Number of protein chains: 2
Amino acid sequence: MRAGASMDALLVVRSGSAKRFTLTLEGTEQVHGFVLPGEAVGLEGFATGRYGCEVSALEPLSYCRVPMRKLEQLLERLPGLRREMLRLLGQALDEALRLRGELAETDARGRVARFLADLSVRLARRGFPPHEIRLSMSRADIARHLGLTLETVSRAFGTFKREGWLRVRARNISVLRPEALAALIGATPCV
Amino acid sequence: MRAGASMDALLVVRSGSAKRFTLTLEGTEQVHGFVLPGEAVGLEGFATGRYGCEVSALEPLSYCRVPMRKLEQLLERLPGLRREMLRLLGQALDEALRLRGELAETDARGRVARFLADLSVRLARRGFPPHEIRLSMSRADIARHLGLTLETVSRAFGTFKREGWLRVRARNISVLRPEALAALIGATPCV
DNA sequence: GCGGCAATTTGATCCGTATCAAAATCTGAC
DNA sequence: GTCAGATTTTGATACGGATCAAATTGCCGC
């Protein structure tokens with residue numbers, strides 16, 4: 001999906017994962033987030049009729065495509081779908097606001113902890129084991145998502161590993177002490 | 001408007017301004033943004049049926065209230081309103097994403113410049129002079145919105161004043177060189 | 001105009017993360 | 001298994017903004 005392209009369909013990822021981002025004037029990526037199975041992309045396109053960001057797959061991926069024409073027809077007939085669309089958009093908005101607030105007031109390790117906790121919740125929601133995380137994105141992607149440098153992200157993983165909270169082998173993360181991560185960010189652990 | 005309260009209406013500010021925020025566990029405010037005339041609040045409530053953040057007036061304010069029951073009836077009958085609601089939500093989402101990205105990659109003065117430029121655009125949109133800004137919020141509110149401390153915000157204003165880009169007298173800001181601020185953030189100036 | 005309080009500005013120091021640099025590890029192709 | 005290239009980790013230093021503290025300014029009642 002390309003930013004600026006005409007929004008002719010809503011896309012929902014079925015399997016695999018993807019990266020949502022925009023390109024800055026300097027050509028660097030602003031990583032808005034990562035898309036997991038069951039999640040929709042392109043919602044911000046309702047603003048102008050054109051997609052507002054780029055989405056690229058991080059691994060082989062399959063998705064479902066709902067043409068706008070079809071969507072409008074369905075919205076005409078199904079009050080339940082109308083509510084569901086508003087719910088979906090409201091949730092995306094709520095998440096974006098929440099993420100933004102956290103960025104503003106949490107330090108590097110807190111952000112990484114929250115990133116992992118968030119992934120855990122979303123994996124659990126889809127029935128995957130929440131504490132065995134296979135990261136499909138690079139440290140650089142994570143860093144650009146969290147407003148940090150890749151070195152700082154790496155150091156945060158290093159700290160958590162030394163504390164015995166995580167097992168880290170490249171992109172395979174085992175969360176050994178979810179309650180420790182949760183305590184760091186003031187939340188209740190997933191599972 | 002209180003976070004967690006049942007979302008029984010959509011609110012649109014008519015005159016005056018307000019602050020959107022959530023309370024953190026420590027009791028501090030995460031300021032999501034400021035509401036100007038013509039702008040809606042409470043959209044994130046579609047996610048759960050409950051408002052997701054607090055909104056409090058920064059000055060005497062009037063607003064328009066659309067009960068959810070009424071809204072659903074209207075959505076049933078008016079395809080144009082359906083599109084408009086989706087557009088409104090898409091725009092809120094797009095803005096939230098954009099703001100978040102900027103927070104992650106801009107330094108203190110850049111954020112303050114962007115804050116002022118954004119206000120200029122929104123004031124101009126409603127027919128107010130874009131370069132005479134009367135801030136209805138405190139430095140602390142601005143700081144919490146931008147993920148800075150109030151001292152840092154003050155220093156940014158101080159720098160811009162010394163450079164001759166701004167006239168600052170307490171909460172009255174005159175933008176003397178909009179193109180300088182715009183250049184700082186890589187954008188075209190408003191007006 | 002004057003007094004008192006809150007908001008803002010200014011100053012000095014410290015800490016966390018960015019930056020630059022280099023070593024170590026992982027990955028996929030052969 | 002081995003090799004080359006990319007990714008990740010680790011190390012040393014520098015800088016921006018946070019923090020603590022104090023002075024100044026603006027605001028509102030009298």
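First the proteins, then the strands, lettered A, B, ... as listed; each starts at 1. This one's a predicted model, so the numbers in the text were calculated from it and none came from an experiment.
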Walk me through whether A/Thr24 and A/Gln30 qualify under side-chain hydrogen bond (donor to acceptor under 3.5 Å, both in side chains). CA-CA 7 Å; A/Thr24 63; A/Gln30 271 185 5; over 6 Å; no

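- Contacts between residues 99-109 of chain B and DNA chain C, defined by a heavy-atom separation under 4.0 Å, are absent.
- Between the side chains of B/Thr22 and B/His32, at least one donor N or O lies within less than 3.5 Å of an accepting N or O.
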Extract from the structure each pairing of a protein N or O with an N or O of nucleotides 11-14 of chain C at less than 3.5 Å, listing the distance.
from, atom 1, to, atom 2, distance (Å)
C/dG11, N7, B/Arg155, NH1, 3.0
C/dG11, O6, B/Arg155, NH2, 3.1
C/dA12, N6, B/Arg155, NH2, 3.4

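- The main-chain N or O of A/Val55 is never found under 3.5 Å from a side-chain atom of A/Arg20 such that the two would form a donor-acceptor pair.
- One hydrophobic cluster, built from ILVMFWY side chains closer than 4.5 Å, holds both B/Phe34 and B/Val153.
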What does nucleotides 1-6 of chain D look like as a protein-contact string, B for base, S for sugar-phosphate only, - for none, at under 4.0 angstrom between heavy atoms? ------

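- At distances below 3.5 Å, at least one donor-acceptor pair connects side-chain atoms of B/Thr159 with backbone N or O atoms of B/Arg155.
- Defined by atom type and a distance below 3.5 Å, a donor-acceptor pair is present between the side-chain atoms of B/Arg87 and B/Gln91.
- Remark: the backbone N or O of B/Trp165 is not paired with any side-chain donor or acceptor of B/Arg177 at under 3.5 angstrom.
- Residue pairs meeting the salt bridge (Lys or Arg N to Asp or Glu O under 4.0 Å) criterion with at least one partner in residues 6-16 of chain A, sequence neighbours excluded, are A/Asp8-A/Arg65.
- Across all strands shown, B/Val153 has no heavy atoms under 4.0 Å from either base or sugar-phosphate atoms.
- The end-to-end axis angle of the helix from C/dG1-D/dC30 to C/dC30-D/dG1, rounded to 10 degrees and based on five pairs per end, is 60°.
- One interatomic measurement links the two molecules: CZ of B/Arg171 to P of D/dC28, which rounds to 10 Å at whole-angstrom precision.
- With rounding to whole Å, A/Arg162 atom CZ is found 11 Å from D/dT9 atom P.
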Could you list the donor-acceptor pairs under 3.5 angstrom formed between side-chain atoms of residues 167-175 of chain B and any protein atom two or more places apart in sequence or on another chain?
from, atom 1, to, atom 2, distance (Å)
B/Arg171, NH1, B/Ser136, O, 3.4
B/Ser174, OG, B/Glu132, OE1, 3.1
B/Ser174, OG, B/Glu132, OE2, 3.2

